[in-house]
Amino acid sequence: MGNIVQQDLLQQLEQLRQEAEAALTQANSTEATRTWHSEYLGRKGRLTGILRNLGSLPGEERPLVGKVANEVKTELENALQERQTAIAQAELEAARSAENIDVTLPGRPQTLGKLHPTTVTLREIYAIFTAMGFQIFNSPEVETDEYNFQLLNMPPGHPARDMWDTFYTDSPDLLLRTHTSPGQIHAMLAYAPEPVRVILPGKVYRYEQVTARSESMFYQVEGIAVGRNITFSDLKGVLTNFANQMYGEGRQMRFRKSYFPFTEPSVEVDIDCVLCGGKGCPICKYTGWLEILGAGMVHPVVLLHGGYDPVEFSGFAFGMGPERIALLKYGIDDIRYFYSNDVRFLERVG
Ligand code: DAH
């Protein structure tokens with residue numbers, strides 16, 4: 001009787017093994033293998049079910065059935081392991097191809113930021129003048145009528161004020177500076193009676209029709225040097241050196257007589273046209289020359305306002321527009337591009 005039971009159990013184990021193996025080949029997902037595991041090997045699974053009958057066998061018959069049961073269990077566990085690895089691999093492959101990642105595609109290019117042409121030009125100007133011993137001096141954009149005009153030798157009613165119409169604030173006499181020249185006074189007052197040699201960069205404002213050639217806001221770089229025995233030759237030397245470095249060695253230069261209330265004598269400085277080399281073209285309006293800045297010897301009245309005795313001291317000053325320099329350098333035909341905030345402008349130039 002006992003033997004029959006043993007045979008029966010061994011047969012059941014064999015059958016279980018075969019069925020389980022067959023079922024495993026049908027399990028096509030991680031989920032299915034879990035179900036398979038609990039059905040055959042789990043705590044309430046069929047193998048456990050068979051082993052529960054072990055107790056009803058006579059003692060000497062148990063070891064064989066136990067041994068076979070262990071073999072079946074190990075075999076099935078190994079098979080399960082193998083199957084799970086294969087399924088995991090297949091699932092990964094499926095996910096990869098579903099996501100459609102092509103790892104051989106080149107990455108997205110990162111666009112690099114660029115400096116604004118005005119910034120580039122300003123930095124070049126700083127480098128040239130600091131190498132000649134000029135310091136950079138900051139001066140306010142909001143000014144008084146006194147600094148923007150009066151101290152620069154333009155008392156109320158002076159006709160030259162018409163060249164510098166500006167934006168006024170609600171506070172009487174407080175305005176946006178029309179040029180960096182009031183910085184001359186600030187710098188002189190800061191240094192007098194010691195000599196001074198500075199450049200003053202910054203924004204200036206004009207109440208003017210905005211056109212391709214003129215904006216209501218732009219930059220200027222002012223320069224001033226005051227000391228003993230400073231002559232017009234010093235001005236010429238400094239500006240010639242500047243033009244050669246900024247526009248290329250061997251430039252033709254022309255100092256044309258002009259008028260500014262704060263300098264005497266006053267000049268406007270031209271270089272031979274960078275585009276046509278002086279032959280004449282639309283950029284230079286067929287004159288062969290390009291105006292690059294205004295300059296002159298600091299007027300005695302302005303020296304006095306700056307705290308210097310004009311008998312003992314003399315000086316020169318100049319003012320230039322960095323946008324104008326950039327226009328020529330990058331061949332930009334409209335000054336409005338500079339501050340219209342279109343990033344394509346930055347991509348095109350520089
Ligand atoms: N401030 C003048 C302007 O805005 C430019 C200028 C001319 C500055 C002559 C100077 C100078 O320092 O000496 O048009």
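Atoms within each ligand, like the ligands themselves, are counted from 1 in listed order.
- For Phe262 and His179, the gap between ring centers is short of 6.0 Å.
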Filter the ligand 1-protein atom pairs down to N or O on both sides and distance under 3.5 Å, then list them.
from     : atom 1 : to     : atom 2 : distance (Å)
ligand 1 : 1 (N)  : His179 : ND1    : 3.0
ligand 1 : 1 (N)  : Ser181 : OG     : 2.9
ligand 1 : 4 (O)  : Trp164 : NE1    : 3.3
ligand 1 : 4 (O)  : Arg206 : NH2    : 3.0
ligand 1 : 4 (O)  : Gln220 : NE2    : 2.9
ligand 1 : 12 (O) : Gln184 : NE2    : 3.0
ligand 1 : 12 (O) : Glu222 : OE2    : 2.6
ligand 1 : 12 (O) : Phe318 : N      : 3.3
ligand 1 : 12 (O) : Phe318 : O      : 3.3
ligand 1 : 13 (O) : Ala317 : O      : 3.3

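- Taking the six-membered ring for Trp and thresholds of 30 and 60 degrees, Phe318 and Phe134 have ring planes more than 60 degrees apart, a perpendicular arrangement.
- Sorted by first and then second residue, the ring-ring contact (aromatic ring centres under 6.0 Å, His included) pairs involving residues 217-259 (not counting sequence neighbours) are Phe129-Phe242.
- Tyr207 OH: 12 or fewer foreign heavy atoms inside a 6.0 Å radius.
- Listed by chain and residue number, nothing satisfies the side-chain hydrogen bond (donor to acceptor under 3.5 Å, both in side chains) test with Glu146 (two or more places apart in sequence, or in another chain).
- The list of ring-ring contact (aromatic ring centres under 6.0 Å, His included) pairs with a residue in residues 38-80, not counting sequence neighbours, reads Trp36-Tyr40.
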